[in-house]
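Encoded as structure tokens, the structure appears first; notes follow it.
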2 protein chains.
Amino acid sequence: MTTAPVSSTLELSTLKINADRLNGTIHETATFGAALRFGPGPTETGMARLALDDNDALVRQYFVKEAKELGCKVTVDQLGNIFAVRPGRRAGAPTAMGSHLDTQPTGGRYDGILGVLSGLEVLRTIHEANLTTEFPIAVIDWTNEEGARFPKSVVSSGVWAGELELEEAWSLADINDPSKTMKSELARIGFLGETPCSYEAMPLGAHFELHIEQGPILEQSSKLVGVVLGAQAYRWYTVDVYGRDCHTGSTPFGARSDAMLCAAQCIVASNKLAKEFGALASTGILTLEPGSTNVCPSHVRFSLDIRHPSTAELHRLCDALQEEMTRIGSKECEIGCKVRTTLDRDSAAAVFHDDAIIAVRASAASATSADKIEEMYSGAAHDSCPVSMRVPTAMIFVPSKDGVSHNPVEYTSPEECALGAQVLLHAVLNYDKMRTA
Amino acid sequence: MTTAPVSSTLELSTLKINADRLNGTIHETATFGAALRFGPGPTETGMARLALDDNDALVRQYFVKEAKELGCKVTVDQLGNIFAVRPGRRAGAPTAMGSHLDTQPTGGRYDGILGVLSGLEVLRTIHEANLTTEFPIAVIDWTNEEGARFPKSVVSSGVWAGELELEEAWSLADINDPSKTMKSELARIGFLGETPCSYEAMPLGAHFELHIEQGPILEQSSKLVGVVLGAQAYRWYTVDVYGRDCHTGSTPFGARSDAMLCAAQCIVASNKLAKEFGALASTGILTLEPGSTNVCPSHVRFSLDIRHPSTAELHRLCDALQEEMTRIGSKECEIGCKVRTTLDRDSAAAVFHDDAIIAVRASAASATSADKIEEMYSGAAHDSCPVSMRVPTAMIFVPSKDGVSHNPVEYTSPEECALGAQVLLHAVLNYDKMRTA
């Protein structure tokens with residue numbers, strides 16, 4: 001490979017990604033797993049490209065082939081994470097751009113995919129300009145981010161970061177066919193590599209991820225680029241409220257232990273307390289027994305999803321909420337109910353790295369006007385969350401129409417996708433200049 | 001039939017039902033439909049005697065045979081209501097004691113049954129004492145009060161009162177076998193009578209009903225007899241809350257239309273408003289969509305059961321609640337939800353008759369001490385509710401252990417059953433003396 005040295009700051013700052021090529025690649029590769037047509041247009045389908053299925057194999061083969069044509073060395077690790085590394089002037093761990101190519105069963109064309117294909121577009125742009133970066137740069141496809149087929153999300157970046165054991169990931173079974181595991185499917189599609197899945201075996205110098213926001217914040221504030229400072233901590237609880245069933249007509253309030261009233265009071269309290277803490281609280285599942293119009297429920301079970309950008313604040317809120325729900329159970333709902341909470345998931349906040357954030361912030365400022373940029377936290381988890389435990393990491397968000405994601409109609413315009421890729425390009429080039437080793 | 005005239009007030013006031021005979025009859029006839037054993041004792045089963053099934057036929061045959069042996073004329077109307085009438089000194093519509101012999105599929109030994117069999121015990125007591133009342137007295141078994149097999153409760157007393165059409169009742173289909181209707185099953189078991197089911201064809205002079213309370217009020221206040229002044233009005237609503245589903249992590253409160261939060265706020269508000277009105281409000285059913293921990297629901301549907309002793313107050317409360325839920329939908333739950341209510345049932349309050357209440361009150365006062373008597377409203381509907389639209393009516397309640405009913409372990413002690421029957425006896429005799437025509 002022969003490339004010219006980076007000659008000047010001026011030359012770099014004018015470098016532009018190719019918007020048509022990027023959007024062409026997004027929609028051409030969507031044929032690998034297109035599903036759920038919702039309109040007559042050529043791009044009006046969603047995606048059903050589940051981790052390690054035949055379509056995932058096809059898009060992986062495409063990605064490897066394209067990266068190799070750009071002079072990359074491609075490494076596949078034991079969990080099928082694909083690292084396409086383009087050499088720099090100096091040796092060292094690459095400055096990486098990573099996301100995922102798998103989707104939900106009723107997913108869209110942008111979630112994860114935009115991040116990997118924009119990384120590929122960045123490589124193409126640099127390659128086309130015949131540039132050599134100071135350090136190697138890489139594009140990564142992280143395996144099974146969605147956790148839709150093998151039910152653990154952000155799993156392979158998690159193993160890479162040492163947050164999870166390889167064997168646990170390997171043994172995850174297909175939710176529809178338990179005879180298939182992540183390991184057996186990796187072997188079947190030819191992506192069970194030999195390189196250990198680890199930040200030590202496959203070190204990175206930094207990690208940048210372009211992703212659709214999956215929320216309404218940018219769109220509602222007429223912003224175009226989100227500079228993502230971290231991802232919220234979250235906890236998932238199952239709350240069980242135990243009362244006593246009784247006849248709705250013949251049981252006065254003073255004799256009731258009404259589990260539904262208690263659960264409703266707890267949900268209202270979770271919302272109120274979350275607001276006081278600048279947090280989020282949500283109930284997405286609720287079931288009750290016995291379930292008859294004229295019988296007060298004896299048992300209500302509901303989910304609580306609590307989030308805050310600060311892990312410590314999240315814990316303070318959860319403690320306060322626990323206390324308040326116990327108080328409601330014993331004091332508020334007539335003669336009282338028992339409230340029992342079970343912690344199902346506990347995820348600390350991801351705090352992104354100042355240097356990586358600086359590189360993104362400067363790139364965004366050169367790509368669009370200051371009033372189109374929002375500094376924000378990610379509400380959802382991404383591959384960048386575990387990765388940020390090990391290397392300087394930051395993310396870039398672009399708008400999601402109506403805040404919709406995990407849905408066939410998920411949409412980010414071609415211009416917005418191109419702007420995101422442009423910010424990704426210069427974030428990587430900025431960081432490359434900032435690196436000393 | 002030859003009976004002696006009622007000779008004196010003294011003689012009447014010392015008349016006592018036979019407690020052993022009553023409780024023997026309750027448990028002997030429970031063999032017709034005994035089910036759901038919950039203990040080793042001979043009476044430790046529940047009941048599954050559904051309206052017009054083979055066991056209902058057997059207990060009806062028993063009732064007719066026993067009534068005839070007591071000198072009664074037995075009339076069966078077009079809905080199988082059985083009127084067993086014992087002549088009085090004068091002609092005229094009988095002073096009746098009525099309830100029902102059918103049960104829920106997982107019912108107990110007392111609900112309804114106690115009222116009919118206590119009526120039979122009153123007849124036996126009067127017959128044994130060789131007394132003749134001034135007016136005829138009757139015991140009635142109303143068909144399908146429960147509405148468990150043919151899904152409309154209080155149906156045959158409702159048709160008798162002109163609240164419902166005969167054809168509608170006849171065409172009610174067995175919920176487990178739609179080829180069978182109330183009419184076909186009445187014919188099959190030999191209880192499709194020719195007398196029109198109507199208060200005009202089969203007039204009554206009054207209606208007294210002894211029933212288990214099915215609630216905790218008497219037990220909790222250590223009372224033994226409830227003098228029932230009426231039955232609460234009630235309305236059943238289905239409430240649909242429509243919001244928009246969104247990601248629990250990436251959607252700030254300010255952008256949410258969270259149907260679960262809105263529903264919880266509405267349920268809490270229904271409880272608060274009901275308390276202000278001296279009413280009851282209950283939610284026994286709640287379902288939501290789509291149902292995932294990290295997705296705020298787009299649609300929640302819940303039941304609302306609202307009750308008040310006064311129909312007018314119930315309507316005022318329902319209007320206020322409707323207004324409050326609309327306000328919550330538009331103002332409280334972030335950017336708002338649509339709240340739509342559908343009225344599924346609307347039942348006016350039953351207001352029992354002063355004269356009938358006086359007869360019960362006096363009887364209770366002579367049977368037990370004043371501190372054991374509670375004046376109260378029925379929370380549930382009973383045959384006496386439609387009947388009270390046409391003739392002077394009152395009810396007598398006896399305690400339900402733990403307020404439990406519609407359950408195999410439903411329990412009222414032999415002493416409590418006997419006291420109830422004793423109050424029923426003298427309520428009828430008191431009223432007989434009060435009647436002028």
(request) Go through the atoms of B/Ala279 and report whether side chain, backbone, both or neither lie under 4.5 Å from a heavy atom of chain A. (result) backbone
(message) Taking side chain as everything from C-beta outward and backbone as N, CA, C, O, which of these in A/Glu289 sits under 4.5 Å from a heavy atom of chain B? Side chain, backbone, both or neither.
(response) neither
(request) Identify which part of A/Ile217 has an atom lying under 4.5 Å from any heavy atom of chain B, answering side chain, backbone, both or neither. (result) side chain
(message) Please verify the inter-ring angle class for A/Tyr411 with A/Tyr110; under 30° counts as parallel, over 60° as perpendicular, anything in between as tilted.
(response) perpendicular
(request) Check whether any side-chain N or O of A/His308 sits under 3.5 Å from a backbone N or O of A/Phe277 as a donor-acceptor pair, and report yes or no. (result) yes
(request) Name the member of B/Pro297, B/Cys296, B/Ser292 that forms the most heavy-atom pairs with chain A at distances under 4.5 Å. (result) B/Ser292
(request) Counting only heavy atoms closer than 4.5 Å, note whether A/Ser303 contacts chain B via side chain, backbone, both or neither. (result) side chain
(message) Has B/Glu374 got a side-chain atom pairing as donor or acceptor with B/Lys223's backbone, closer than 3.5 angstrom?
(response) no
(message) Is there a salt bridge (charged side-chain N to carboxylate O under 4.0 Å, His left out) between A/Arg327 and A/Glu332? Walk through the geometry before answering.
(response) CA-CA 7 Å; A/Arg327 190 194 66 78; A/Glu332 286 288 317; 3.3 Å; yes
(message) Would the distance check show the side chain of B/Glu213 and the main-chain N or O of B/Leu218 forming a donor-acceptor pair, the cut-off being under 3.5 Å?
(response) yes
(request) Among A/Asp258, A/Val300, A/Asn407, A/Asn271, single out the residue with the greatest number of heavy-atom pairs under 4.5 Å to chain B. (result) A/Asn271
(request) Can you tell which part of A/Gln232 gets under 4.5 Å to a heavy atom of chain B, answering side chain, backbone, both or neither? (result) side chain
(message) Between A/Gln265 and chain B, with a heavy-atom cut-off of 4.5 Å, which part of the residue counts as in contact: side chain, backbone, both or neither?
(response) both
(message) If I measure from the heavy atoms of chain B, does A/Tyr234 come under 4.5 Å with its side chain, its backbone, both, or neither?
(response) neither
(request) Using a cut-off of under 4.5 Å on heavy-atom pairs, state which of A/Ile306, A/Leu288, A/Val295 scores highest against chain B. (result) A/Leu288
(request) Pick one of side chain, backbone, both or neither for B/Thr283, based on which atoms fall under 4.5 Å of a heavy atom in chain A. (result) both
(request) Measure across A/Ala231 and A/Ala380 and return the closest heavy-atom pair with its distance rounded to 0.1 Å. (result) CB-O, 4.0 Å
(request) Quick one: which of B/Cys266, B/Ala281, B/Cys246, B/Ser400 has the most heavy-atom pairs under 4.5 Å with chain A, could you say? (result) B/Ala281
(message) When you measure from the side chain of B/Ser257 to the backbone of B/Gly336, do you find a donor-acceptor pair of N or O atoms at a distance under 3.5 Å?
(response) yes
(message) Looking at every heavy atom in both A/Val228 and A/Phe352, which two are closest together, and how far apart are they?
(response) O-CD1, 3.1 Å
(message) Quick one: does any side-chain atom of B/Arg256 pair with a main-chain N or O of B/Thr248 as donor and acceptor, under 3.5 Å?
(response) yes
(request) Count the heavy-atom pairs under 4.5 Å between each of A/Pro216, A/Gly284, A/Gly379 and chain B, then report the option with the highest count. (result) A/Gly284
(request) Quick one: do A/Ser270 and A/Leu304 satisfy side chain to side chain contact (heavy atoms under 4.5 Å, CB included)? Show the steps, please. (result) CA-CA 8 Å; A/Ser270 74; A/Leu304 257 185; 3.7 Å; yes
(request) Could you tell me which portion of B/Gln214 (side chain, backbone, both or neither) has an atom closer than 4.5 angstrom to a non-hydrogen atom of chain A? (result) both
(message) Taking side chain as everything from C-beta outward and backbone as N, CA, C, O, which of these in A/Leu286 sits under 4.5 Å from a heavy atom of chain B? Side chain, backbone, both or neither.
(response) both
(request) Pick whichever of B/Asp245, B/Leu261, B/Thr287, B/Thr293 has the most heavy-atom pairs under 4.5 Å with chain A. (result) B/Thr293
(request) Heavy-atom pairs under 4.5 Å with chain B are the metric here; pick the option from A/Arg307, A/Arg244, A/Met376, A/His247 that has the most. (result) A/Arg307
(request) Using modelled atom types only, decide if a donor and an acceptor are shared between the side chain of A/Asp344 and the backbone of A/Thr238 within a distance under 3.5 Å. (result) yes
(request) Heavy-atom pairs under 4.5 Å with chain A are the metric here; pick the option from B/Ser250, B/Ala259, B/Ala264, B/Gly215 that has the most. (result) B/Ser250
